[in-house]
Q: 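I'd like to ask some things about the structure below.
Sequence lines set the chain letters: A, B, ... in the order given, protein chains first and strands last, and positions in each chain run from 1. Quantities reported herein were computed from a predicted structural model and do not represent experimental measurements. Just the heavy atoms: all of them, side chains too, but no hydrogens, waters or symmetry mates, feed the values below.
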Amino acid sequence: MGGAFWALLKRDMLLAFRRRADWLNPLVFFVIVVTLFPLGIGPDPGLLRDIAPGVLWVAALLATLLALDGLFRSDFDDGSLEQLLLSPQPLSVLVLAKVLAHWLVTGLPLLLLSPLLAVVMQLQVVAIPVLLVSLLVGTLTLSLVGAIGAALTVGLQRGGVLLALLVLPLFIPVLIFGSSSVIAAASGFAVDAQLYLLGALFLLALVLAPPAIAAALRISTE
Amino acid sequence: MFQWFHRLAASKNFYRLAEILGPLFGVLGAILLTLGVYRGLFVAPTDYEQGESYRIIYVHVPSAWMSMFVYMVMAFCSALFLIWKMKLADIIAEVSAPMGAAFTFLALATGSLWGKPMWGTWWEWDARLTSELILLFLYIGYMALRASIDNRGSAARAAAILALVGVVNIPIIHYSVEWWNTLHQPASITKFDTPSIHISMLVPLLMMALGFTFFYFTNMLSRARSVILEREANNNWVKDRFRENRL
Amino acid sequence: MLLAQDLAVFRGEHCVFAGLGFELRSGEVLQLHGDNGSGKTTLLRALCTLLPLEQGTISWRGSALPGARAQYFSEMIYSGHSEAIKSDLSPRENLIAGAALRGSDSIDIDAIIERVGLSDKAELSCRSLSAGQRRRVTLARLLTSHTALWVLDEPLTSLDVHGRALVEALIVEHAKQGGSVIYTTHQPLSLDGCDVRSLKIGL
Amino acid sequence: MTEFLAMGGYAAYVWPSFGLTFIVMVTIQLSTFSRRRKAIAAVRRQHAVNTQKNQQAGTGESV
């Protein structure tokens, strides 16, 4: 059982390493979106500081959404998705490997880049650790939940827009708790409530998303 | 052979049942709605706090209630369809989605009309209205997904999965929006709640709610019958009915 | 081993085929005949549970399929129209990933690569291989796990004469070891030494 | 009557709400009727196709 999981993870990491465009685009998108706000709203640090958590979180969410479309699409196009479906290993576990590989390639870099952008947005330094923790748990949940939408729309040509429409309502709770945890941290309030709830959302997604993704994949390859 | 026959028999019997219940619900709905509107507008006393504007609840609350009820029906039918392959359940979910979206839109519109005198703005980020807005996105997503997959069998199953994922998320969304609302909104303004309901105000509200529900069922049954007619046009029971002009 | 009873598959509203059944015992080879669009590929995909059955059952070693899915998948391998290989990876990496996916690890990749004649290309990325060579990588995947049933959809596409001889040899060898094969092809295959049954699909 | 119509000054909100509800429900009802007409037309078309096929097949099964 474990063998297939790690092999698939290794294969996807190797593929991502060879095909840089897939994971560079969301990162560049994340940086550009965040830098747009000071240009659009003005350099006033006080104002930027107030909107920083929201901007960082919405940008991270949109970057994850952008990267999700490619999650199953390359496998679907060259037919290896069918091999995934026909493997004796449980599909939910294999799907977990795919989502983890996708997160390592897009979610993690977002995470590592966010402190830099937090400084750009004048965010209080005390809030940066909470930003990292909330983004860590948040992007994992977003990848899991988003993968359901990706699996549902993988068979469609113009699936991108539909994917956004399907998963955005499901992203909202993560966004609410995520950005409010950073806001609370910025103004020195306790953040454990938000982070616990984020953790709860993550565990829920970890348990419920893979079977839904597996079922959606079986339908999309019909 | 059994499965095919079971499917056929199911839709024929369902058709006959819907033929009877449909008009019955229609009549009941019409009576309840006219009575409800009459009592709500003319008989129910003025609310001391909100004056006459509270009467909007007689359309807002039922449509908000229906928007949730219809989604629950869709989710339940989706589960029946996915687990027991009941094609009828999928037809019910398919025809209910547009109506659910219409009720959600209605709830949003009447909600903002009711909120205007109270808060002075057309759109108030109140927890209930925000959840309603997100529910509208769920409906649109459901209908968009079903429309974008051409093979009807997979479109139905994909939409069913989305409906189930959606129904799991509705309480989460509602709770997080409530939480978000209390966090950012000082609780001083009057909660967007129905005022303390005097019995004479409550009766029309229940009538309207029931009226809406019957209205939904009669339309859903009629649309389901139309879908069945189209899909089983080649079957004998449809041909016989066509000949005897009992469609 | 594989028993299909009274299968019916629909594509949307169109009934591709109905009332189709056959049995495949170990060591047998079954060729599907039928012109384009008669549903050969649909039947193969339905046999691999990639397509839902409107009616009928497929059972593997006596147990009905939706239940015995894991067992069935561990003993069968499907090779469809698309090559199902990653063009950014080399043949070796593709085969290693493919084998692990099927949960079989005690296999000698080098011998397999040697067998399909790709030993000099083993480290190149598949993007630089020709269509015929890529098809050989797909063929090599058949050997990466000890499966009883091969389901092959047009295995000869883009293969040269040597490639065709390789396919024939592999099928014959597989059948002799008691495995069974279902395949579709437009160019005739000369499989001496094993009884080839054929099944007509479509009108 | 006029003070009733004034709705205690909230006429601008109460009547549009009820009006909008009426419009939405009528649209739902009308689209249900048109959906039914479309279905019956489909059955009639299918019927015509079948009878034509029967005649071609020489059975001339009278309808």
Side-chain angles (χ1 to χ4, degrees), chain B residues 22 26 29 33 37 40-42 46-47 50-60 62-63 95 98-99 102-103 105-107 109-118 208 211-212 215-216 218-235 238-239 241-243 247, chain D:
Chain B
L33 283 176
V37 167
L41 280 181
F42 298 96
T46 328
D47 175 67
Q50 293 182 13
E52 300 298 338
S53 73
Y54 91 96
R55 293 183 193 282
I56 299 179
I57 59 164
Y58 293 126
V59 275
H60 173 68
S63 44
V95 293
M99 285 195 272
F103 284 130
F105 164 73
L106 198 54
T110 51
S112 86
L113 274 169
W114 186 23
K116 178 76 172 72
M118 258 199 296
M208 289 297 281
F212 268 60
F215 173 79
Y216 158 68
T218 181
N219 276 280
M220 184 268 285
L221 288 174
S222 163
R223 287 174 186 219
R225 280 170 59 195
S226 310
V227 173
I228 290 172
L229 278 185
E230 274 169 13
R231 293 194 187 166
E232 320 241 348
N234 244 328
N235 296 17
V238 177
K239 285 188 197 152
R241 274 176 172 268
F242 178 75
R243 265 196 290 282
L247 274 187
Chain D
M1 188 50 196
T2 56
E3 34 72 32
F4 165 72
L5 279 186
M7 256 319 145
Y10 293 107
Y13 308 112
V14 174
W15 294 118
S17 314
F18 279 78
L20 191 64
T21 311
F22 181 73
I23 291 167
V24 167
M25 290 179 92
V26 162
T27 353
I28 293 177
Q29 190 62 59
L30 288 183
S31 69
T32 304
F33 288 146
S34 79
R35 185 74 174 75
R36 184 170 163 71
R37 268 199 307 276
K38 205 157 67 82
I40 294 174
V43 172
R44 181 172 300 116
R45 261 203 314 279
Q46 184 65 41
H47 181 71
V49 162
N50 294 353
T51 42
Q52 212 221 342
K53 231 185 295 174
N54 296 352
Q55 265 124 27
Q56 257 163 14
T59 56
E61 171 227 336
S62 70
V63 163

Q: Is it the backbone or the side chain of D/Ser31 that comes under 4.5 Å from a heavy atom of chain B, or both, or neither?
A: both

Q: If I take atom OG from residue B/Ser222 and atom CZ from residue D/Arg36, how far apart are they, to the nearest 0.5 angstrom?
A: 6.0 Å

Q: What is the distance from atom CZ of B/Phe215 to atom CD of D/Gln29, rounded to the nearest 0.5 Å?
A: 5.0 Å

Q: Quick check for you: to the nearest 0.5 Å, what is the distance between D/Thr21 atom OG1 and B/Ile56 atom CD1?
A: 9.5 Å

Q: Nearest 0.5 Å, what's the CD-CZ distance between B/Glu230 and D/Arg45?
A: 8.5 Å

Q: Measure across B/Ser226 and D/Ala39 and return the closest heavy-atom pair with its distance rounded to 0.1 Å.
A: O-CB, 3.4 Å

Q: Picking from B/Thr110, B/Leu33, B/Leu106, which has the most non-hydrogen pairs under 4.5 angstrom with chain D?
A: B/Leu106

Q: Is chain B contacted by the side chain of D/Val24, its backbone, both, or neither, given a heavy-atom distance below 4.5 Å?
A: side chain

Q: Just verifying a value: how many Å separate B/His60 NE2 and D/Phe18 CZ, rounded to the nearest 0.5 Å?
A: 12.5 Å

Q: Side-chain contact, heavy-atom cut-off 4.5 Å: B/Ser53 with D/Tyr13?
A: no

Q: Between B/Val59 and D/Leu20, does a side chain to side chain contact (heavy atoms under 4.5 Å, CB included) hold up when you go through it step by step?
A: CA-CA 10 Å; B/Val59 275; D/Leu20 191 64; over 6 Å; no

Q: Relative to chain D, which segment of B/Val95 carries a heavy atom at a distance below 4.5 Å: side chain, backbone, both, or neither?
A: neither

Q: Examine whether an atom of B/Arg241 lies under 4.5 Å from a heavy atom of chain D, and if so say whether it belongs to the side chain, the backbone or both; otherwise answer neither.
A: neither

Q: Does any part of the side chain of D/Gln46, heavy atoms only, come nearer than 4.5 Å to the side chain of B/Leu229, both counted from C-beta?
A: no

Q: Measure distances from D/Arg37 to the heavy atoms of chain B and classify the residue's part below 4.5 Å as side chain, backbone, both or neither.
A: neither

Q: Would you mind telling me which of B/Arg223, B/Arg231, B/Met220 has the largest number of heavy-atom pairs within less than 4.5 Å of chain D?
A: B/Arg223

Q: Indicate yes or no: at least one non-hydrogen side-chain atom of D/Trp15 is less than 4.5 angstrom from one of B/Leu113.
A: no

Q: I'd like to verify something: which residue of B/Gly26, B/Pro117, B/Ala102 has the highest number of heavy-atom pairs under 4.5 Å with chain D?
A: B/Pro117

Q: Atom CE in D/Met25, atom CZ in B/Phe103: separation rounded to 0.5 Å?
A: 5.5 Å

Q: Is chain D contacted by the side chain of B/Ile228, its backbone, both, or neither, given a heavy-atom distance below 4.5 Å?
A: neither

Q: Test B/Val238 against D/His47 for side chain to side chain contact (heavy atoms under 4.5 Å, CB included), laying out the working first.
A: CA-CA 10 Å; B/Val238 177; D/His47 181 71; over 6 Å; no

